[in-house]
Amino acid sequence: MGESLRLVLADRHALFVDALAEAMRAHHHQVLGTTTTWNGLIKQVSEHQPDVCVIDTSFDDGGGVAAIREISERAPATKVVVLTADVRETTMRSALDAGARGYVHKSRGIESVVRLLRRISRGEVVVAVASPHPPATTIRSAHQLRQLAAFLTPRERECLAMLAHGMDTVEIAKRLGVSAATVRSHVQAVLTKLGVRNRLEAASLAIRHGLITIETAERISRHA
């Protein structure tokens with residue numbers, strides 16, 4: 001099972017950070033706190049002094065790779081790991097130069113991320129920007145993914161938009177006025193049509209590749 005790590009997790013997308021926290025707990029790690037903002041991250045790191053802090057490259061209120069040194073100043077023993085979809089070499093180098101001990105792509109599976117976090121906690125510096133066994137979706141172009149998304153029904157597209165906005169089954173069912181079982185059926189259809197394994201992957205693809213139309217996103221936001 002390996003050592004249990006004390007973690008603080010931060011990502012601007014609530015759905016992603018919540019799913020990551022659940023996965024880390026399932027692997028017997030202690031999640032001391034989660035947040036979607038840079039200010040929240042600094043507060044939690046200062047308070048908890050975690051073994052490892054997992055962050056993305058940007059937040060709506062600033063921070064990111066350019067401010068990684070601030071984490072080290074607040075918690076000198078904390079190792080910072082960047083878990084991101086940003087594959088630009090300049091961003092990776094900036095993160096490592098600022099003191100990050102790991103730079104890991106979000107296409108990595110949970111098992112791989114867990115193994116990498118343990119290596120980093122033991123003092124290694126790890127860069128993992130490409131999965132050795134990527135899921136099919138990671139090798140498709142944005143155009144191909146949009147073609148797959150075209151097969152979604154209007155209701156399935158709405159469910160995808162709500163997933164991307166961090167809603168769970170109960171929230172989606174309430175919004176659509178249907179049963180939780182119906183929502184699960186729609187979500188499973190979304191996963192099958194997009195060729196992904198779980199809700200987190202579906203939401204990440206929707207955000208990164210613009211699989212949700214502007215009109216759909218605005219409609220969800222107005223009623224959120």
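Any value given below was found using the heavy atoms of this structure, including those in side chains, with hydrogens, waters and symmetry copies removed.
Residue Glu22 qualifies as open at atom CD: its count of foreign heavy atoms under 6.0 Å is 12 or below.
Using a cut-off of 4.0 Å between Lys/Arg side-chain N and Asp/Glu carboxylate O, Lys106 and Asp56 are scored as salt-bridged. Between Glu124 and Arg101, none of the side-chain N atoms (NZ, or NE/NH1/NH2) sits under 4.0 Å from a carboxylate O, so this pair counts as no salt bridge. Salt-bridge check for Lys193 with Glu156: passed, with a basic side-chain N closer than 4.0 Å to an acidic carboxylate O. With respect to the salt-bridge test (charged N to carboxylate O, under 4.0 angstrom), the residues Glu158 and Arg155 qualify.
A single hydrophobic cluster is not seen to contain both Leu20 and Met167; linkage of ILVMFWY side chains at heavy-atom distances under 4.5 Å, directly or through other members, places them apart. Leu5 and Val45 fall into different hydrophobic clusters, defined by Ile, Leu, Val, Met, Phe, Trp and Tyr side-chain heavy atoms under 4.5 Å apart, directly or through other members. Val31 and Phe16 fall within the same hydrophobic cluster, where Ile, Leu, Val, Met, Phe, Trp and Tyr residues are linked whenever their side-chain heavy atoms come under 4.5 Å apart, directly or through other members. Using a 4.5 Å cut-off between side-chain heavy atoms of Ile, Leu, Val, Met, Phe, Trp and Tyr, with links allowed through other members, Leu96 and Val80 fall into the same hydrophobic cluster.
A search for side-chain contact (heavy atoms from CB on, under 4.5 Å) contacts involving Thr192 returns Gln188, not counting sequence neighbours. By the side-chain contact (heavy atoms from CB on, under 4.5 Å) test, Ala180 is found to be paired with Thr169, Arg184, residues two or more places apart in sequence or in another chain being considered. Considering only residues two or more places apart in sequence or on other chains, Arg115 meets the salt bridge (charged side-chain N to carboxylate O under 4.0 Å, His left out) condition with none of them.
Residue pairs satisfying the salt bridge (Lys or Arg N to Asp or Glu O under 4.0 Å) criterion with at least one member in residues 28-38, sequence neighbours excluded, are absent. Residue pairs meeting the salt bridge (Lys or Arg N to Asp or Glu O under 4.0 Å) criterion with at least one member in residues 23-47, sequence neighbours excluded, do not occur.
Side-chain contact, Ser185 with Thr182: no donor N or O sits under 3.5 Å from an acceptor N or O. Between the side chains of Thr78 and Gln49, no donor-acceptor pair of N or O atoms lies under 3.5 Å.
Of all heavy-atom pairs between Glu3 and Ser121, the closest is OE2-OG, 3.3 Å. Here the closest heavy-atom approach between residue Leu15 and residue Ala203 is recorded as CD2-CB, 3.1 Å.
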With a cut-off of 3.5 Å and sequence neighbours excluded, list every side-chain donor-acceptor pair involving residues 61-73.
| from | atom 1 | to | atom 2 | distance (Å) |
| --- | --- | --- | --- | --- |
| Asp61 | OD1 | Trp38 | N | 2.8 |
| Asp61 | OD2 | Trp38 | N | 3.3 |
| Asp61 | OD2 | Asn39 | N | 3.1 |
| Asp61 | OD2 | Asn39 | ND2 | 3.4 |
| Arg69 | NH2 | Asp97 | O | 3.1 |
| Glu70 | OE2 | Arg74 | NH2 | 3.4 |

